[in-house]
There are 2 protein chains.
Amino acid sequence: MSKGSNHPDTKQSILDAAEFLFATQGFRGASLRAITGKASVNVAAVNYHFGSKKSLLKAVIKRRILPLNQLRRQRLEEVRERAKKKGRTPDAKDILYAFIQPTLQFRETEPGAKEFVTFIGRSFADPDNTVRKVFIQFIKPMFQLLQEAMHEALPQNTHNQIFWRLQFTMGALFHTMHICSDVTMEQLNISALDAEALTELILPYVTAGMKAK
Amino acid sequence: MSKGSNHPDTKQSILDAAEFLFATQGFRGASLRAITGKASVNVAAVNYHFGSKKSLLKAVIKRRILPLNQLRRQRLEEVRERAKKKGRTPDAKDILYAFIQPTLQFRETEPGAKEFVTFIGRSFADPDNTVRKVFIQFIKPMFQLLQEAMHEALPQNTHNQIFWRLQFTMGALFHTMHICSDVTMEQLNISALDAEALTELILPYVTAGMKAK
DNA sequence: GTCTATACGATGATAGAC
DNA sequence: GTCTATCATCGTATAGAC
């Protein structure tokens, strides 16, 4: 029997290993050799299946973020529809919940998702331009949707104000997401919290922030 | 005359170049060759003057953060003293202003500080453990001071609540700091704001967040 | 088609001779 | 202080085995 061949699905193994290592070591810090080593496949397998390290990054992000974005979009639409039926403007808190809850809940849905959440929490601040670009590409349409919905909820606020306050909200959320990585929790001496507890902590904060003054 | 010798201060030149490149390319992305090239000194000068790349990082951070932390500490003390004299508890907004205003203002104090602010905004989320560790080491005592002051301002809130809300605040602030880098501003199509405008935007948000419910 | 072994050229940090 | 050598490690390309 050979060393590590006959994988049920090589691509999947690579994606899983890459997701974990990107999250813990960063895009630059995770070498293809480390990734393929963890996945027990050959070094060249990445280039065969994905073409390049950059394309692998895109695949890692895409696999998780497309379903996540769809869920967030659907939740947002529900909030807007419900408000419309009542002839009212949507509530800021409901909009924020529709975006934040699926994000934090996602950690607990399937194995590996935890690492992914840490990773995207860091991506926006990643020093590597490649990572930031790919990430912004996926978050941008979601952010614009959020902006529109929030403008309906807070019509008295200027576009500029809503834009920046949503940025602050993203900052708080991303920070929470990457702080919840095992390594960082240890460095800061925090005990673990589940998605529900985290949501209950962050939601009043960001809602009050958005509605301030 | 030789190519690049006879620097007024080699160490200073290296620190400046490293600060800029760490901020724009990240710790891993900025090679010693790029740093010494930008500083017009020999490749080996870093190892001669600082010992290693890691020690250079510490020096870069230390140079700016020690005076910044002292200023923040002093501002915080002033707020607490002023409240004590009046026989009242300090106001949450004043505490947050004492921490945030010097941070954002710092960008405009001296050349190079702008890059530094971007850099520390990113450091907390840096995938490289080295960077995170050094950064946490410098921010931790400041955070604890903030926590104490905030507990005086909001005695009805639990320690856990104050801890997390301050984390959200840090998230919003850090995100703002690294978003204000020239590259990211371009990627997001935002126009530049000065420290005063930014402070006026973020302060109501984080204050309302801290006081929520 | 899928996967492995191996090699290539570039670039990384650092150390020793001067 | 500088110059140069060293040695590890990077992403990627290729040739061939199953």
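Please read all numbers here as calculations on a predicted model, not as lab measurements. Residue numbers start from 1 in every chain, and the chains themselves are labelled A, B, ... in the order their sequence lines are given, proteins ahead of strands. Both backbone and side-chain heavy atoms feed into the values below; hydrogens, waters and symmetry mates do not.
Comparing B:Ala44 and A:Lys54 by the nucleotide of DNA chain D whose heavy atom lies nearest to each, the residue mapping closer to the 5' end is B:Ala44.
A:Ile35 has its CD1 atom 14 Å from the C1' atom of D:dT12, to the nearest Å. The distance between atom CG of A:Asn47 and atom C1' of C:dC8, rounded to the nearest whole Å, is 14 Å. In this structure, the CZ atom of A:Phe50 is 12 Å from the P atom of C:dT2, given to the nearest Å. One interatomic measurement links the two molecules: NZ of B:Lys53 to C1' of D:dT9, which rounds to 14 Å at whole-angstrom precision.
Ion pairing between a basic and an acidic side chain is recognised when a charged N comes within 4.0 Å of a carboxylate O; A:Asp182 and A:Lys114 show such pairing. Using a 4.0 Å cut-off between charged nitrogen and carboxylate oxygen, A:Lys54 and A:Asp128 do not count as a salt-bridge pair. Using a 4.0 Å cut-off between charged side-chain N and carboxylate O, A:Arg75 and A:Glu78 make no salt bridge.
Proximity of residues 14-32 of chain B to DNA chain D (heavy atom under 4.0 angstrom from any strand atom) is not detected for any residue.
B:Asn160 and B:Thr158 share no side-chain donor-acceptor pair at under 3.5 Å.
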For this session: Step by step, work out the side chain to side chain contact (heavy atoms under 4.5 Å, CB included) result for B:Trp164 and A:Leu198.
Result: CA-CA 9 Å; B:Trp164 277 102; A:Leu198 271 178; 3.9 Å; yes

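Side-chain nitrogen and oxygen atoms of A:Thr10 include at least one within less than 4.0 Å of the OP1 or OP2 phosphate oxygen of C:dC3. Contact between the side-chain N/O atoms of A:Tyr48 and the OP1/OP2 oxygens of C:dC3 is not found at any separation under 4.0 Å. OP1 and OP2 of C:dG1 both lie 4.0 Å or more from every side-chain N or O belonging to A:His49.
The side chain of A:Arg33 has D:dG11 as its nearest neighbour among C:dC3, D:dG11, C:dA5. Nearest to the side chain of A:Ser52, among D:dT12, C:dA15, D:dT14, sits D:dT12.
Under the ring-ring contact (aromatic ring centres under 6.0 Å, His included) rule, A:Phe174 has a single partner from A:Phe124, A:Phe119, A:Phe168, which is A:Phe124.
Between A:Thr36 and A:Asn42, the shortest heavy-atom distance links the atoms CG2-O, 3.3 Å.
In this model, a side-chain donor or acceptor of A:Asn42 finds a partner on the base of C:dA5 within 3.5 Å.
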